[in-house]
S.K.: 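Supplied in structure tokens, the structure appears directly below.
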Amino acid sequence: CYKIAQISKDDNSQLAVCRVLLAELEAHKDAWPFLTPVNHKVILGYRKVIKRPMDFSTIKRKLNNNLYFNLDTFIADVNLVFDNCEKFNEDDSDIGQAGHNMRKFFHELLHLKK
Ligand SMILES: Cn1cc(C(=O)NCCCNC(=O)c2ccc(F)cc2)ccc1=O
């Protein structure tokens with residue numbers, strides 16, 4: 001039973017790491033484009049171009065509903081936010097730049113925590 005306890009403890013500690021990482025992303029000055037889902041009624045063309053929308057509030061809901069299997073599935077959704085941003089926005093736009101800054105910040109966070 002030690003082995004089973006060990007696996008579940010890792011899941012819990014991995015989930016705790018995800019919550020801390022998400023809180024740090026949300027606190028970043030350039031997080032504003034990513035805090036809530038893109039409103040495709042306002043942002044024309046978004047629903048057609050971006051097949052898998054993702055944002056920090058959706059990631060938080062998924063975390064709270066235990067929908068991430070481990071740290072890697074959480075990281076995949078965070079990277080999806082930045083990949084969608086690069087696909088839809090020019091690099092030299094405010095939101096495009098925010099996406100690049102946030103991706104770099106997240107990458108550095110991950111290397112700090114390893
Ligand atoms: C990622 N992405 C975002 C937008 C976009 O226009 N997003 C809304 C910006 C306006 N939203 C805010 O300013 C805001 C939202 C929540 C908050 F707590 C504080 C400020 C457009 C294309 C795209 O690819």
Side-chain angles (χ1 to χ4, degrees):
C1 91
Y2 167 74
K3 191 67 195 143
I4 293 168
Q6 183 59 27
I7 290 169
S8 64
K9 189 174 79 61
D10 286 354
D11 282 358
N12 290 338
S13 57
Q14 283 205 354
L15 279 174
V17 168
C18 293
R19 285 200 172 81
V20 168
L21 289 169
L22 183 60
E24 287 171 312
L25 288 169
E26 289 172 326
H28 194 285
K29 72 172 175 51
D30 291 335
W32 58 271
F34 314 109
L35 294 174
T36 52
V38 174
N39 183 343
H40 53 73
K41 295 190 187 81
V42 171
I43 310 296
L44 301 185
Y46 198 81
R47 184 164 43 185
K48 180 78 179 159
V49 171
I50 300 300
K51 302 304 178 193
R52 290 178 59 217
M54 189 49 61
D55 71 284
F56 294 162
S57 72
T58 301
I59 291 173
K60 184 179 281 184
R61 184 178 52 72
K62 288 178 72 172
L63 260 179
N64 293 337
N65 297 356
N66 209 16
L67 293 176
Y68 289 118
F69 179 65
N70 56 22
L71 181 59
D72 290 337
T73 52
F74 166 82
I75 290 170
D77 261 1
V78 174
N79 285 328
L80 176 59
V81 172
F82 305 139
D83 294 344
N84 289 343
C85 183
E86 264 202 74
K87 183 171 188 180
F88 194 79
N89 300 279
E90 297 294 330
D91 289 340
D92 62 358
S93 65
D94 287 348
I95 291 177
Q97 270 306 308
H100 288 299
N101 293 349
M102 292 302 296
R103 185 197 294 275
K104 182 174 177 292
F105 176 67
F106 183 59
H107 188 74
E108 284 157 3
L109 280 184
L110 285 182
H111 287 270
L112 269 178
K113 296 229 173 343
K114 269 184 184 154

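Note that the coordinates shown come from a computational prediction; the quantities given were computed from them, not determined experimentally. Start at 1 and go down the list; that is how both ligands and their atoms are numbered.
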S.K.: Any non-hydrogen protein atom below 4.0 Å of atom 8 (C) of ligand 1?
M.R.: no
S.K.: Spell out, as yes or no, whether a donor-acceptor pair under 3.5 Å connects the side chain of D77 to the backbone of L80.
M.R.: no
S.K.: Among L21, L15, V20, exactly one meets side chain to side chain contact (heavy atoms under 4.5 Å, CB included) together with V17. Which residue is that?
M.R.: L21
S.K.: Can you tell which part of I95 has a heavy atom less than 4.0 Å from ligand 1: side chain, backbone, both or neither?
M.R.: side chain
S.K.: Need the ligand 1 atom indices (1-based, order shown) with element for anything under 4.0 Å from a heavy-atom of Y46.
M.R.: 24 (O)
S.K.: Side chain, backbone, both or neither: which part of N39 comes within less than 4.0 Å of ligand 1 when only heavy atoms are counted?
M.R.: neither
S.K.: Regarding atom 13 (O) of ligand 1: of the candidates W32, F34, F56, F88, which has the closest heavy atom?
M.R.: W32
S.K.: Got the closest protein heavy atom to atom 2 (N) of ligand 1, with its distance?
M.R.: V38 CG2, 3.4 Å
S.K.: What residue and atom, counting heavy atoms only, is the protein's closest point to atom 1 (C) of ligand 1, and at what distance?
M.R.: P33 O, 3.5 Å
S.K.: Which of these passes side-chain hydrogen bond (donor to acceptor under 3.5 Å, both in side chains) with H100: N89, D91, D30?
M.R.: D91
S.K.: Quick check for you: to the nearest 0.5 Å, what is the distance between M54 atom CE and N79 atom CG?
M.R.: 12.0 Å
S.K.: Closest non-hydrogen protein atom to atom 22 (C) of ligand 1, residue and atom name please, with distance?
M.R.: N89 OD1, 3.8 Å
S.K.: Measure the distance from atom 17 (C) of ligand 1 to every protein heavy atom, then report the residue, atom name and distance (to 0.1 Å) of the closest one.
M.R.: L35 CD1, 3.7 Å
S.K.: Indicate yes or no for a side-chain donor-acceptor contact from N65 to the backbone of L67 under 3.5 Å, with no hydrogens or angles considered.
M.R.: no
S.K.: Can you tell me how far CZ of R52 sits from CG of N84, rounded to the nearest 0.5 angstrom?
M.R.: 8.0 Å
S.K.: Starting from atom 6 (O) of ligand 1, locate the nearest protein heavy atom and write down its residue, its atom name and how far away it is, to 0.1 Å.
M.R.: I43 CD1, 3.7 Å
S.K.: Take a 6.0 Å sphere around CG of D94 and say whether it holds more than 12 heavy atoms from other residues, nucleotides or ligands.
M.R.: no
